[in-house]
Structure formats: structure tokens, C-alpha cells
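Reading through the C-alpha cells given below for one structure.
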There are 2 protein chains.
Amino acid sequence: MLKYILLGFLNMHAHTGYDLHAHLETSTAHFWNAKLSQIYVTLKKMESDGLIQSEIEEQDDRPDKRIYSITDSGRTELQDWLDKPHTTVDQMKSKMLLRLFFAGFHNLDTVITELNLQKALHEQRLRYYRTETRQIIDIGAESTPNGDYHKIFWDATREFGERYEAMVVEWLTETIQILSTMQVEKE
Amino acid sequence: MLKYILLGFLNMHAHTGYDLHAHLETSTAHFWNAKLSQIYVTLKKMESDGLIQSEIEEQDDRPDKRIYSITDSGRTELQDWLDKPHTTVDQMKSKMLLRLFFAGFHNLDTVITELNLQKALHEQRLRYYRTETRQIIDIGAESTPNGDYHKIFWDATREFGERYEAMVVEWLTETIQILSTMQVEKE
DNA sequence: CGCACCATGTAATGCGTTACATGATTTT
DNA sequence: AAAATCATGTAACGCATTACATGGTGCG
């Protein structure tokens, strides 16, 4: 899947692996992230498959840059992927929910503490999607060909993130409430 | 992570690999799922690590069963995992959002069709969490030691699932609305 | 003086999916 | 007659994480 994200970004601009990673961090990270090391490996594979090509830009003070750009074959691959419909529901993996599921084996105080930490983290993300992410999208749209059109879709995914975080915060608040009440009753 | 799910279930009852898979499907699947083949491999590894042990129950008509049970070492491992706090936000991977993010390169009709399919699938899940999942939890609680207590946590994860699906359906409805309006304007 | 940023990569290990392989019983 | 359920596993492959390895610039 990472292959298609990289093709997507390279279809807008040429980029180094480092840049691509920075792009993921600020835009797709909340629904798809990858480590820098993985990006380098994937780019190398994609180049050997002819989907992208690279040229070296020499730098004196820093390591030379390897700048990747998409090939015709890469553009075709991206189109084929978009054309092939996605017909299943994405499955999530949540360590938080997993730990809560088995929390009956655990100390209740500790469980509540952990959920409170999660709440703080998700509140922070919620604020982030409402402010910074909006700005990042605006800036991205200005520097991308056809950016105003892309922006509609970028903002739809941002909106998903915002609503998801709002839902999680609400659910955490109520769950903590239920568990805290139980804790008092036990005494 | 799968290791801990299996330890969690085996800490309630002894189970075969097949049974454990069925358990995942009906309870943790919406936040953690695994293929049967992966479960068999993981169980084998866990046994060689001394976390679980197995005995064969011979059957005439069907393949013999290998019934796993947790060892003291396994119980300790589960406790250690629960005690070690989880301090990060779970990251999601969503092909749906990924495709939407790059939908600017794609045909708008096709995008809308795909989102409508997603909506139908998520509506179905929402109904499932509101009905079947509740019953599965009740039945599970009756046949599990200390089931009434565990049930509180199981239901909290079910509630998360329900709210998540409700949020997704709402977001999809509005997103489809926005894109459909755009489509008309273009004509 | 230390940390963050820029910039590239390799190696080891682990986790997960798909396909392969078998085969009887029960339900539709 | 076909599909689902019960029941076990192996093999090949791909994707992802963590650690290793290097090193200059700029900021507080």
C-alpha cells in the first residue's frame, strides 16, 4: 500500500525519500504512516520495478539528495490501483481496546489511569486537526498543481480525523466515568 | 500482540486453535483480528516458549484436537504485559481514507460509488454491534469465570465499535453529499 | 553543550497474508 | 449437489519495526 502513497505524492511533485516521509507525517499519518527506513527500501524496490526514477543532486554541506520522479509506468500503476474498487471494510488494530478487553484481569486503578492518559493524547490530536492540519492543507493546496480540487478530498480525510478523535474523547470520558463509579462502589 | 490475546482467552478457558479463532471473530475482531494459520503458528511458538501447554484429544470422525491451556509462566507474561503501561496513540491504517486522499486523480463518479458501498457496509456493522454483539457478550459472560465483571470491559469495547460505526456512517453521508453537489455543479 | 533537523541507507527480526494440502460431516 | 463447519498444519512472500551506521548545520 505504501507504494501507492508514494506514487500519489510523486504524481504531484518530485521528492526525496526524506521529503516524502515529512509529507506522510503531516498529511496521511493519521490513517497511514511509515518509517523513514521503510520508505527508502520501498523507493528502491519501486525504482527497480520501473515505477519511478531518480537523479542525484549533489550537495556540499549535506549528503547528496536522491530525487525521485514518477514514470509513465508509475502513473499507469497508480491509475490501475484507483480503478480497482475497494470493497471491504478496513480493519483496525487497537492496543488500547485490546488492553481494555482484558482489563478484568488487571487492577482497576491502573486501567483508569491508562484511559486518562489516552484521553489527554486524543484531546491533543483533536485540537491539532482543528487547527494545524487545516493550515497544512491550505499551504499544500497552494503549492500543488490543481490544488484547489485535491483540497476537497484532503479536507474530507481531515474531517474524518477530527470526528474520530471527538468520538474517542467522548467515549473515553464516559467509560472512565463508569469505571470510576464502580471503583467507589467497591470500597 | 496476538500472543496476549491468546493468553487472555486461555486464561479463561482451555481452547483449541480453531476455537480461539472463532472467539476472535465474534469478540475482538473489530479491533484485532488474525487468520487461523497465524494463530496456529503463534500457538506453536508460545508452547515452545513455555507459555502454554497442549494435550491431544482423539476424535474418530474428525481430526484430533490439540487443546491448549495456560501455564504459570504464561499467566506471569500476561500480567507483565497488562502492568506495562501503554502510553501511545494507536495508529490506524485505512485504505478507504488513503484512496479518498488521492481521489483527485480519479473519476468522481467512481469515487462516490465506492463511498456508497462503504456506507452500506458500515451501516451493516452498526446494526450488528447494536444487536448480535450484545448477545454474544451476554452468552460469553455466562460461560466465563467472573463473567459479570469481564462483561463491563467487553461492553465498553463494543460501545466503541458502535460509536465508531455511527460516526463513519455520518461522515460518509455528508462526504457523499458534498461530492454529489460538486458533481452536479460541474455539469 | 546538547538537541533537532537534514539526508542516506543496511540488517535482523517479527508479524501477517495468501496459497497450498487434506478430508469428513452437516446444513442448505 | 454444493457450501459451510470442523480441524490441523506448512511454505512462500511481503510488509513493518527496531537497531545499527554516519555526519554536518543551526538553534537555544
Side-chain angles (χ1 to χ4, degrees), chain A residues 1-7 14-26 28-29 31-49 51-52 54-68 77 81 86 88-95 98, chain B residues 1-7 14-26 28-29 31-49 51-52 54-68 77 81 86 88-95 98:
Chain A
M1 210 67 5
L2 179 56
K3 177 166 86 169
Y4 302 110
I5 306 180
L6 300 176
L7 284 174
H15 286 291
T16 64
Y18 192 88
D19 289 342
L20 285 163
H21 180 245
H23 264 87
L24 296 212
E25 289 282 294
T26 53
T28 68
F31 56 87
W32 211 289
N33 207 356
K35 298 286 153 81
L36 191 45
S37 65
Q38 175 70 8
I39 290 172
Y40 284 125
V41 171
T42 306
L43 287 170
K44 188 154 274 188
K45 174 76 169 25
M46 287 164 72
E47 186 167 27
S48 83
D49 291 346
L51 305 175
I52 57 179
S54 68
E55 49 175 306
I56 301 292
E57 185 187 303
E58 284 180 37
Q59 297 192 125
D60 295 333
D61 48 340
R62 286 156 189 285
D64 294 349
K65 285 184 180 185
R66 183 177 290 274
I67 299 168
Y68 286 100
E77 180 92 358
W81 178 69
H86 174 220
T88 57
V89 168
D90 297 316
Q91 63 153 45
M92 64 160 71
K93 303 243 164 179
S94 168
K95 195 170 161 182
L98 187 54
Chain B
M1 208 69 1
L2 180 55
K3 177 166 87 169
Y4 301 110
I5 306 180
L6 300 176
L7 284 174
H15 286 290
T16 64
Y18 192 87
D19 289 342
L20 285 163
H21 180 246
H23 263 86
L24 296 211
E25 289 282 294
T26 54
T28 68
F31 57 87
W32 211 289
N33 206 356
K35 298 286 152 81
L36 191 47
S37 64
Q38 175 71 8
I39 290 173
Y40 284 125
V41 171
T42 307
L43 286 170
K44 188 154 274 189
K45 175 75 171 23
M46 287 164 73
E47 186 167 27
S48 83
D49 291 346
L51 304 175
I52 57 178
S54 69
E55 49 176 305
I56 301 291
E57 184 187 305
E58 283 179 38
Q59 295 192 122
D60 295 332
D61 49 340
R62 289 159 186 283
D64 295 348
K65 286 184 178 184
R66 184 178 289 274
I67 298 168
Y68 286 99
E77 181 92 359
W81 178 68
H86 175 220
T88 57
V89 169
D90 297 315
Q91 63 154 49
M92 63 159 70
K93 303 245 164 177
S94 168
K95 195 169 160 182
L98 188 55

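A note on names: the letters A, B, ... follow the listed sequences, proteins ahead of strands, and every chain is numbered from 1. Treat the numbers as computed from the prediction; the structure is a model and nothing was measured.
Across every non-hydrogen atom of A:Asp64 and A:Glu58, the tightest pair is OD1-CA, 3.5 Å. Between B:Lys93 and A:Asn33, the shortest heavy-atom distance links the atoms NZ-O, 3.1 Å. Contact record, A:His21 with A:Lys35: CD2-C, 4.2 Å, taken as the closest heavy-atom pair. Pairing each heavy atom of A:Leu2 with each of A:Gln38, the nearest pair is CD2-CG, 3.6 Å.
Each of B:Leu43, B:Leu6, B:Thr16 was compared with B:Tyr68 under the side chain to side chain contact (heavy atoms under 4.5 Å, CB included) criterion, and only B:Leu43 meets it.
With sequence neighbours left out, A:Val41 forms a side-chain contact (heavy atoms from CB on, under 4.5 Å) with no residue at all. Evaluation of the side-chain contact (heavy atoms from CB on, under 4.5 Å) rule for B:Ala14 yields B:Ile67, B:Ser69 as partners, not counting sequence neighbours. Scanning for side-chain hydrogen bond (donor to acceptor under 3.5 Å, both in side chains) contacts around A:Ser94 gives B:Asp90, with sequence neighbours left out.
Atom-to-atom, OH of A:Tyr68 to P of C:dA7 comes out at 15 Å; the value is rounded to the nearest Å. Rounded to whole Å, atom C1' of C:dT8 lies 15 Å from atom CD of A:Glu58. Rounded to a whole Å, the CG atom of A:Leu36 is 9 Å from the C1' atom of C:dG9. Regarding B:Asp64, its CG atom lies at a distance of 16 Å from the C1' atom of C:dT25, rounded to whole Å. Distance, A:Lys3 NZ to D:dC15 C1': 12 Å, rounded to whole Å. One atom, NZ of B:Lys65, and another, C1' of C:dT25, lie 14 Å apart when rounded to the nearest Å. The NE2-P distance, from B:His21 to D:dG9, rounds to 15 Å in whole Å. In this structure, A:Asp19 places its CG atom 10 Å from C1' of C:dA7, rounding to the nearest Å.
B:His86 places a side-chain heavy atom less than 4.5 Å from the side chain of B:Thr88. With a 4.5 Å cut-off on side-chain heavy atoms, B:Trp32 and B:Leu24 do not count as touching. Side-chain contact between A:Glu77 and A:Met46 is absent, with no heavy atoms from C-beta onward closer than 4.5 Å.
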Restricting both atoms to N or O, compile the protein contacts to nucleotides 14-18 of chain C shorter than 3.5 Å, with distance only.
residue, atom, partner, partner atom, Å
C:dG16, N7, B:Gln38, OE1, 3.4
C:dT18, OP2, B:Lys35, NZ, 2.9
C:dT18, O4, B:Ser37, OG, 3.0

Shorter than 3.5 Å, N or O on both sides, protein versus nucleotides 3-5 of chain C: list them out with atom names.
none

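For D:dT8, one of the phosphate oxygens OP1 or OP2 lies less than 4.0 angstrom from a side-chain nitrogen or oxygen of B:Tyr40.
In DNA chain D, consecutive stretches of 3 or more Watson-Crick or G-U wobble pairs with both distances under 3.5 Å are given as paired ranges: C:1-28 with D:1-28.
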